[in-house]
Every structure is written in C-alpha cells, then in structure tokens.
Amino acid sequence: MKTLYKNTTVLLVIFLLFSTTSLPAQTPYGWRGPERNGIYSETGLLKEWPVGGPEQLWETLDAGKGYSSPVIVDGKIYLTGMNEDETREIFSAYTLKGEKIYEITYGSPWKDTYPETRTTPAIEGNKAYVISGAGEIVCINTDNGDILWNIDGDVTFERKTGTWGTSECPLLFDNKLIYTPGGVTRR
C-alpha cells in the first residue's frame with residue numbers, strides 16, 4: 001500500500017509541474033504567436049471598429065505586389081513583394097511612420113500561376129527568414145538588409161512544386177528553419 005501511495009504522489013507532483021508550467025516559445029513573432037496556438041497576450045484591443053474604421057496613419061505603393069503579410073517587430077515593419085519589373089522578390093523594412101529603411105532583392109519569383117511573392121517573413125532576433133516562390137531560402141540581417149546566407153531549396157532538397165510554387169512562411173523551431181519542399185508534381 002505504501003508503494004502505491006508513493007507512486008501516486010510522484011505522478012501527482014509530475015502532473016502538477018507540467019500542468020502549471022508553460023513552456024516558453026522561442027519568439028512571439030513566429031507562426032501563430034508565442035505558444036504556436038493563435039493566442040496572443042495583448043490587452044486593451046478594440047472590441048469593435050469605430051464608425052468609419054480606424055484612422056489611416058500612412059500607406060505605401062512601393063512595397064511590391066504579393067500575397068504575404070507584414071510582420072512588426074521592435075518598431076519596424078518587414079514585408080516582401082515584387083520589384084518594379086517583377087523579375088525579383090524584395091524584402092523591405094519600414095519605420096512605424098512609413099519611412100522606408102531599406103529594400104533588398106533576395107530571390108526569384110514563381111513564374112507560373114500567381115507569380116507575386118507569398119512568403120511572410122519569420123523574424124528571430126536580428127534575422128529575417130524568407131522563401132522565394134522559386135524555393136530559395138534566405139536569411140537577412142534586419143539591422144541593415146545584408147543577406148547572411150541563402151540556399152537553393154530547388155537543388156538542395158529536390159523541391160517538387162505544385163500549381164503555386166513555394167508558398168509559405170518558414171517555421172522557426174528549436175534552432176531550425178522548417179519548410180516543405182514537397183508538393184504535387186505538375187503534369
């Protein structure tokens with residue numbers, strides 16, 4: 001009976017430790033937020049929009065075409081788009097007031113169906129990670145826009161594309177960048 005009591009006590013302590021401790025995520029700016037569950041801790045958010053919508057603070061038409069989302073980290077806005085002649089994908093950084101800090105080209109777009117960019121940058125520390133429509137995986141220094149490294153996922157991982165090329169935000173987890181080079185082979 002004592003052994004059963006001791007085992008039950010140990011299991012209860014382990015259960016309580018795991019149920020009351022939240023494991024920290026690597027960054028609040030990755031896929032689906034700090035706990036990867038789509039729940040964010042911000043407070044004081046509006047319950048509904050004011051009549052006429054929120055005040056527009058600024059807009060830009062020089063960010064390039066694309067299907068990605070902007071990412072705001074440490075007072076800067078990062079986003080991807082196409083350059084003006086639509087031959088290269090661009091990564092841009094802006095202040096919260098809309099002033100462009102820099103713009104760099106980082107990869108080749110997908111040339112078939114819906115050729116605009118579609119990678120949302122993943123930010124960790126002072127590095128941004130993006131994937132071009134043609135499968136180039138690129139690490140960018142967010143301080144100055146320098147490309148730190150790039151890998152041609154088409155060659156390195158024998159990428160197989162579907163109708164839309166590579167279309168995803170890289171996932172940063174456990175000191176690794178995760179992306180899916182596979183897909184449906186086009187016929």
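Rounded to the nearest 0.5 angstrom, T180 OG1 and I131 CD1 are separated by 7.5 Å. One finds the CD atom of E89 at 7.5 Å from the CD atom of E136 (value rounded to the nearest 0.5 Å). If you take CD on E103 and CG on L79, they are separated by 9.5 Å, rounding to the nearest 0.5 Å. Once rounded to the nearest 0.5 Å, the distance linking CD1 of I137 with OG1 of T156 reads 7.0 Å.
Side chain of S132 to main chain of G107: no donor-acceptor pair is present (N/O by atom type, distance under 3.5 Å, no hydrogens or angles). Under the 3.5 Å distance criterion, the side-chain polar atoms of S108 are left unmatched by any main-chain donor or acceptor of A134. Here the side chain of D152 pairs a donor or acceptor atom with the backbone of D154 at under 3.5 angstrom. Of the possible polar contacts, none joining the D174 side chain to the K176 backbone as a donor-acceptor pair under 3.5 Å is found. With hydrogens and angles ignored, the 3.5 Å screen pairs no side-chain donor or acceptor of Y102 with any backbone N or O of D146.
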Considering only distance and modelled atom types, tabulate donor-acceptor pairs under 3.5 Å from the side chains of residues 46-59, sequence neighbours left out.
| from | atom 1 | to | atom 2 | distance (Å) |
| --- | --- | --- | --- | --- |
| Q56 | NE2 | E59 | OE2 | 3.4 |
| W58 | NE1 | L96 | O | 2.9 |

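With salt bridges taken as basic N to acidic carboxylate O contacts below 4.0 Å, none links K76 and D74.
With contacts defined as side-chain heavy-atom distances shorter than 4.5 Å, the pair I147/V138 qualifies. Side-chain contact between Y106 and R88: absent, with no pair of heavy atoms (C-beta onward) separated by less than 4.5 Å. With a 4.5 Å cut-off on side-chain heavy atoms, V71 and V73 count as touching. At a threshold of 4.5 Å between non-hydrogen side-chain atoms, the residues R118 and S68 do not count as touching. The shortest side-chain heavy-atom distance between I101 and T95 falls under the 4.5 Å cut-off. Taking the side chain as every heavy atom from C-beta outward, P121 and T80 approach each other to under 4.5 Å.
Grouping the Ile, Leu, Val, Met, Phe, Trp and Tyr side chains by contacts below 4.5 angstrom, directly or via other members, places I140 apart from I90. Under the 4.5 Å side-chain heavy-atom criterion for grouping Ile, Leu, Val, Met, Phe, Trp and Tyr, W149 is not connected to V155 through any hydrophobic cluster. With hydrophobic clusters built from ILVMFWY side chains whose heavy atoms lie under 4.5 angstrom apart, I123 shares a cluster with I104. The cluster map of Ile, Leu, Val, Met, Phe, Trp and Tyr, joined by side-chain heavy atoms under 4.5 Å apart, puts Y67 and M82 in different clusters.
The 12-atom threshold is not exceeded at NZ of K65, counting heavy atoms of other residues, nucleotides or ligands nearer than 6.0 Å.
Side-chain N/O atoms of E168 and T119 include no donor and acceptor closer than 3.5 Å.
When every heavy atom of G66 is checked against every heavy atom of E116, the shortest pair comes out as CA-CB, 3.4 Å. Minimum interatomic distance between P170 and A122 (heavy atoms only, all atoms of both residues): O-CB, 3.5 Å.
Ring geometry, Y78 versus F91: the interplanar angle falls under 30°, so the pair is classed parallel (tilted spans 30 to 60°).
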With side-chain contact (heavy atoms from CB on, under 4.5 Å) as the test, would you mind laying out the steps for I178 and F173 before giving the verdict? CA-CA 7 Å; I178 301 167; F173 181 75; 4.2 Å; yes
